[in-house]
Amino acid sequence: MTIQSNDRYQQRQQKIKQQVDSRVAAATEDRGLLIICTGNGKGKSTAAFGTVTRAVGHGQKAAVTQFIKGTWECGERNLLSRNGVEFQVMATGFTWDTQDKESDTLAAQEVWQHSKRMLSDPSLDLVVLDEITYMITYGYIVLNELIDALQQRPSGQTVIITGRGCHRNLIEMADTVTEMRSVKHAFEHGLQARKGIDW
Ligand code: ATP
Ligand code: MG
């Protein structure tokens, strides 16, 4: 690199540093976040459990409710529940096949009661509501009840919501929203779901 181009490089880096520094200085608010991972692409629950791992690694306290695949095996649940993370999962009785509204609502409501307890527990740094978006879509949990519980939660608590088709009111109130967009998925071209990769 010539002396002149090195100067230019340093000037440019200096400018970038100033911009980043001023943005860091402007971020003064310190409170728990509402994070939403939605969209049709793979990675929503993985991202939520990754964040639980991150929090637990710092000695923080996290809890998870799962609204669909409770009876399914889940590698993260096996690992994290051994490391002090409470999991509450939907009981059997919930199936997409029967669409028995009454028993589905009961199953969802049971886990929702646990979620509400977690959302009012100031000792929890992080609460994950995995796949809760479908409960809203199907009317098993009332949207305004979820919004109220989120608004009234302890100020230091972060909540992560996952699931496709997240309601726009939740998107609006969230601090961070990531939409996973599927470019392609192995399942579409005949590859089976894999243990350790898909669950
Ligand atoms: P993951 O749990 O792998 O992070 P996810 O939470 O984003 O996935 P879900 O909608 O909860 O996705 O679906 C869970 C299961 O469906 C996983 O086994 C995942 O691999 C699979 N899956 C995710 N996206 C797609 C897709 N676009 N097409 C087919 N299967 C998918
Ligand atoms: Mg998921």
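As the structure lists them, so they are numbered: ligands from 1, and atoms in each ligand from 1.
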Identity of the N, O or S atom of Glu131 lying closest to the Mg ion (ligand 2): OE2
Element-labelled atoms of ligand 1 that are located less than 4.0 Å from some non-hydrogen atom of Glu131: 11 (O)
Looking only at non-hydrogen atoms, find the nearest pair between Ile141 and Ile136 and report the distance. O-CD1, 3.6 Å
So, are Glu29 and Arg31 salt-bridged, with charged N and O less than 4.0 Å apart? yes
Would you say ligand 1 has an N or O under 3.5 Å from any N or O of Ala193? no
Salt bridge flag under 4.0 Å for residues Arg153 and Asp121: no
Contact summary for Pro122 and Pro154, nearest pair of heavy atoms: CA-CG, 3.6 Å
Yes or no: does Thr162 have any heavy atom under 4.0 Å from an atom of ligand 1? no
Heavy-atom proximity to atom 2 (O) of ligand 1, picking from Gly39, Ala48, Cys74, Ser45, points to Ser45
Determine whether the side chain, the backbone, both or neither of Lys42 has a heavy atom under 4.0 Å from any heavy atom of ligand 1. both
Identity of the nearest option to atom 19 (C) of ligand 1, non-hydrogen atoms only, from Asp198, Thr133, Thr46: Asp198
Would you call Lys44-Glu131 a salt bridge at under 4.0 Å N-O? no
Can you name the atoms of ligand 1, numbered from 1 with element, that are less than 4.0 Å from a heavy atom of Arg164? 10 (O), 23 (C), 24 (N), 25 (C), 26 (C), 31 (C)
Any N/O/S atom of Ser45 sitting less than 2.8 Å from the Mg ion (ligand 2), backbone or side chain? yes
Basic-acidic side-chain contact under 4.0 Å: Glu86, Arg117: yes
side-chain hydrogen bond (donor to acceptor under 3.5 Å, both in side chains) partner of Asp21, chosen from Lys17, Arg23, Gln18: Lys17
Consider every N or O of Gly41 and every N or O of ligand 1, then say whether any pair is closer than 3.5 Å. yes
Hey, which atoms in ligand 1 end up nearer than 4.0 Å to a heavy atom of Ser182? 27 (N)
Does Met180 come within less than 4.0 angstrom of ligand 1, counting non-hydrogen atoms of the residue? no
Keeping the roles fixed (side chain from His58, backbone from Gln60), state whether a donor-acceptor pair exists under 3.5 Å. no
